[in-house]
Structure formats: structure tokens, C-alpha cells
Protein chains: 2
Amino acid sequence: MEKQTITIYDVAREANVSMATVSRVVNGNPNVKPITRKKVLEVIDRLDYRPNAVARGLASKKTTTVGVIIPDVSNIYFSSLARGIDDVATMYKYNIILTNSDGDSEKEVNVLNNLLAKQVDGVIFMGHHITDQLRAEFSRSRTPIVLAGSVDPDNQVGSVNIDYKGATREAVELLANNGHEKIAFVSGPLLDPINGKERLSGYKEALKDKGLKYSEGLIFESTFEYKQGVDLAERVLNSGATAALVVSDELAVGIANALQDNGLKIPDDFEIVTSNNSLLTEIVRPRLTSITQPLYDIGAVAMRLLTKLMNKEEIEEKVVILPHGINKRGSTK
Amino acid sequence: MEKQTITIYDVAREANVSMATVSRVVNGNPNVKPITRKKVLEVIDRLDYRPNAVARGLASKKTTTVGVIIPDVSNIYFSSLARGIDDVATMYKYNIILTNSDGDSEKEVNVLNNLLAKQVDGVIFMGHHITDQLRAEFSRSRTPIVLAGSVDPDNQVGSVNIDYKGATREAVELLANNGHEKIAFVSGPLLDPINGKERLSGYKEALKDKGLKYSEGLIFESTFEYKQGVDLAERVLNSGATAALVVSDELAVGIANALQDNGLKIPDDFEIVTSNNSLLTEIVRPRLTSITQPLYDIGAVAMRLLTKLMNKEEIEEKVVILPHGINKRGSTK
DNA sequence: AAGAAACGATAAAACGCTTGCAATATGTTA
DNA sequence: TAACATATTGCAAGCGTTTTATCGTTTCTT
């Protein structure tokens, strides 16, 4: 016995109306006499009819599904964004197809094409470095795309971020104001514009403002994992730095722990400011001072923006910058 | 100008073959003469044809998409599972529709129906408490379902877990062997079978084995967040307990931090064993001794099991139990 | 060299729904 | 009550694939 499905046709027959009328009822089209609507709804209920979204998608050319490309869901930074995205998506009756890319540009392209083949109504992209090929795919497709927590130097597509440059500047100034002259910049890959452009220039600006001199030796390039931080700690210390701005919480915790395990006192011997204000900053001791990014909101606003784009609504500004701040905790004086 | 799509028909016309032939080469059906295949592939490439997955889904009744119901992606425990799921899904050419339920049973039912409406080929469910209504929906649908990190007392559907009872017993025995007589059991909602049945009976068994007596006063019911742990610490201490088995890492860290902030030494004054072995256990000081669960693998294996189910393959055992262990760290002696 | 078998390709019927347009029913105005 | 406006419904053509039944060709067999 095969999976015997109830179709709109069955409902129409049972209710003595046409498929069109059933369709109207299902879609909340107001051009249906209340009594007819009631009759149809009863039959729908009785037969336990459930509209086939795939058929709907084919007929209407809308899938009420959006694709989400994310480097790694199991990373707290991205999963926070993802949660914001999904909540707003749900609010607007969309579902999310979530795919991990590991930040690998080849995978990103594949995944994007796969999502477009599935006829998603829109795409939210999170990634570090947007390659030319990817940008080409973006513009080739007529599907709306929004970047979340990722900057596109070209601003061709919509995006939601904070002012990374300004935030970094403020954080470094805080450190400088505390008397530090050698402040390390512990970054993710400098190839990512968000690090190599935005944050780095914020760092430089702060140094200049405070009359400190820039030194290559204080720049550390790394990936974002805890372990990297642990491994990096000694080198950072040997550079002569007495404070650091770190771009990832895991990384920052790694450095802080390694330093402390080596007998240093934080913040007395070394001060740290991190960048994501995730739960980690609250959990470790001392708690970490952090730039505050509204992660959940970045996701939520990005999705909201995407709904407008998908709806062809008028957009005031497709590049939105959310407010940031600095939450002072125990890792700075 | 409307989004002008290339269809299989365009390809067929350009290549002087029928739609059916194009379909065959796209689907790798061997019944096509190599020369014809080559010709078709050239046209596909030239026109940049991309098969419409929605139309395929309608015609073939397969969407190569699976639904994933998760309480909260931004929780490290679940996002680890999710990552395992997605990796294996990708391996088998499936995509994932990810939806957050907050563990709310009403939402779970809605979401499930929504996913089924979208004609997903299978569902992976993560949740705490499986209500009767949900179980009814499970059995009503002919779509394969697998539980990941969630136990169903009925074992009606497939599931992947560890032996929570055994793991908890071992953990409590460890504490008892260290001389503790009053060991707290800090649990999530006892309504969840995983807590109220599995873990709790593991706890009781351990007490019995060690000749300790069970006391209601040592059982704490809570949710899983860090803040709950902080708030709970004092009560746990007042209960007279000198050690605790905690079912969630966030919760455990909350308790550990609150205790230490109150001047207690861990493990000297209080010992803790937690349950998820997430990054948190490694990050905090002292590091937390934990039951080890292969989170990523639970997700991965669940998805692998689901592929077999979707493929109607012979299943040796649809309830799989993965190995666990205990990783001793600084929160126990 | 005729017939069987194997192969390659086609035509057309689904798949389950939306939607523009036509048809019918109902209501209103004078 | 005729004539016209408006509210409800039905018809049927897609939407872009897959897939089955069918047919025309080749290739063997003997």
C-alpha cells in the first residue's frame, strides 16, 4: 500500500466545489463566501488534508524557504546569528535551509548553487572572505541575498553588521588609556576584509590617536579556536605586548587561560579585550571585557531585511550598521 | 524583464532530443548513448541550465531534504549535534531544514507538520519530552523519523543516544568513591525521560551500590542555562551536599563559578561532575570532570540511520547506543 | 538474411497546486 | 423590473520535472 495522499482534488470533490475554491480557502483569499469557506474547512479538517508545499512552490514560484550559508553552526558566534535568523524567519512564515561551509570558498559556491536549484526565495550568507567567483554568482542570480556579520567591500548586496572599525578603535583606545604602549592585535585571517580592513584600520587609528607607534611584531594572525589562543599566548607575551585586542572569544579565552596558567595575573600583568561578548566572556575568570555585538539581532535584522527584499518592498538602506558598545569586565582595569 | 529561466525543454530543443533524454543524462541514467550524452551536456553547459529541484520534487516525490527539529541551535550541545547531522546529510546529498522549537511541545507539533507539508524525506528530532500528541503525529506519518540525543520510552522510531543511565551511575560512583555521602543530582526537568527516568535511576543505582541513602532534598530540578546554575548554587550547598552530578555544562559552570565566588575551593570543598564534555569544561578553571558524550557522532549517526530508513534499507537495529566515558579533570580529586 | 533481443529515444501522462479569465449568482439603482 | 455593478465560483492552462508505455534502430544469432 502506497503512501496515500489527500490532494486538493479530493477536498474539492467532497465539498462540491472546484479546486480553485479550495485553493482560495487554503490561501486565505477573501473572495469566498463565508458559508462556502466553512464547508471547505470542514472537509479539510475531516480528511486531514495538508497542502503539498512542493506543488505549491512549483505553481506559485515561491517556496517560503530561505537558504542560510554559515561557516559552522557549532560555533557560538554563528549559531547566535542563526538563532536570530530563524526566529524572524518563523515570524514571517519562512523556513531555513542551513548549510555549513567551513568558510571554504569552493564549498560556498557549491552550496549556493544547490540552494538556488532548490528555488529558495532568498539567501543569507555568513562568511569571512567573499571571493570574486562568489560575488559573480551573487550578481548572476536574481535571488535576494543578504550578508550577516560579513562585509562586502563592494556593497553590492544587502548586509547587516556593526561598525567593526569604530568598535575596534574604541577598544584599543581603552587599552591605551590604561597606559599600555604595546598593544597586540590578535586577529583572524587578515585576508578577511573584516579583519584585514575594518578592524586593522581601527587598531591603527587608535594607535595614531594615542600617539603610539605601529609595529608588525604586535600583529598576530590566527584562526578562531580556543586551542589557537592557548598556543599563541607565549608568542604574544614575547612580543613585549602588555595588552591585547582579540577578535574572537574562544581565542581570547585561550590566551587568558594560558597566560594565567603561566602565573600571570589578569588584568594586573596583562589586559585583554575581546570582541563577541558571548557567554564565554561571562563564564571565565576573570570575566572578559568585550566589545558588544548584538549577534542575535544581526541575524534577526538580516532576515528582516531579506523579507523586505523578497517582498520587493522599498528599502531605505540595504547596508545596515547596528550599534555596538563595550562591556567592561574583569580583564581590564 | 522577468527572471527568465532555462528549462529542460530549452535544453531538449537545442540538443535535438526529447526532454526525457535530457532528464536521463541529468540523472545519470545509463541508457543514453555516450555521444548523445555528450551533446546534451554541452548544451546544458552552454545554456547554464540548472534543474529545478522543486519540479523534480513534485515529479519524483523526493525532495532530498530532511527536517531537523532542535530546541535551540545557539546551545552548544545541540549545535554540536546539528553539525554532525549536516555533515552526514551533505555527504549523502541531502539538505537540512533547521527549525528551533524551544522544546515547546506545541511548537514541535506545528513545526513537524510544517516540515511534512514541505515533503521532507525524513526528520531528525531533538527534544526533551515527547508528548503523546507528538508521538501520534510520528506514527501517523509515513516519513522516517530518527531521534537524536532524545529518548523515546516506546522506541517506536529510530534513535541514537548514549547509555545515560549507565553513564550517570558511573559518574556518581566516582563521586561516592571519593568519600562523598551527600551527592546532589542537579537535573533538567524530571518530566523528560532522559532525566526523570534514565539519569535519575542511574543516580539511584549508584547510591544503592555504594550503600548511600537516597534523599529528595538532594534532587534539584532546573533548566539548562548558566544563570540557573548561578542561582542554584546556594541551595545546593545548603542541602548539605558536598558534591554534585550536573546534567548540563552551562549549569555546572554556573554552580562552580557561584561556589568559587563564595570562597569555596573546587574540588577541595566541593566536587562536580558534569555531563556534556563541551568546550566549556575545558575553558573554565578548574576544568570540569565530565561524562563524555560523542555529540557530533550522535548527530552524524542519527543522520546516517535516517538515510538508511529513507532508502528502505534493512536496518539491523534502529535504537543505537553510542559509547560514553568519563573525562577526569580538575573538578574532582 | 530473417527474426529475436537489446538498445536508445520519444511522446505524453502524471505530480498537486495557483491563477487569469470567463461564467454565474447576487445585489442595487432608478 | 430592466439593466448594470459586484461578489462568488469554475475552468483550464500552466509550473518544470520524472517516468511509463511505446516505438524505431542496431546488433546478434543461426
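What you see is a predicted model; the values in this text were computed from it and never measured. A, B, ... follow the sequence lines: proteins, then strands. Residue 1 opens every chain. Side chains included, hydrogens not; waters and symmetry mates left out as well; all remaining heavy atoms used.
Contact check for A:V40 versus A:I44: side-chain heavy atoms found under the 4.5 Å cut-off.
Under the rule for a ring-ring contact (aromatic ring centres under 6.0 Å, His included), the partners of A:F125 that lie at least two apart in sequence or sit in another chain are A:F138. Judged as a salt bridge (Lys or Arg N to Asp or Glu O under 4.0 Å), and not counting sequence neighbours, B:D121 has no contacts. With sequence neighbours excluded, no residue forms a ring-ring contact (aromatic ring centres under 6.0 Å, His included) with A:H129. In this structure, the side chain to side chain donor-acceptor pair (under 3.5 Å) partners of B:T307, at least two apart in sequence or on a different chain, are B:R304.
Phosphate proximity of D:dT8 to A:T36: absent, as no side-chain N or O sits under 4.0 Å from OP1 or OP2.
Inter-axis angle, ends of the helix from C:dA1-D:dT30 to C:dA30-D:dT1, five pairs per end, rounded to 10 degrees: 30°.
When all heavy atoms of A:K318 and A:Q156 are compared, the closest pair comes out as NZ-O, 2.5 Å.
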Per-nucleotide protein contact string for nucleotides 15-24 of chain C (B base, S sugar-phosphate only, - none; heavy atom under 4.0 Å):
BBBBBB----
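Following rounding to the nearest Å, B:K33 (NZ) and C:dT10 (P) show an atom-to-atom distance of 10 Å. Note: CG (B:N31) to C1' (D:dC23) measures 15 Å, nearest angstrom. Regarding B:R13, its CZ atom lies at a distance of 14 Å from the P atom of C:dA11, rounded to whole Å.
When heavy atoms are screened at a 4.0 angstrom cut-off, B:N29 is found touching no nucleic acid atom at all.
Under the 3.5 Å distance criterion, with hydrogens and angles disregarded, a donor-acceptor pair is assigned to the side chains of B:S23 and B:N27. Neither side chain, A:T63 nor B:K118, offers a donor N or O lying under 3.5 Å from an acceptor on the other.
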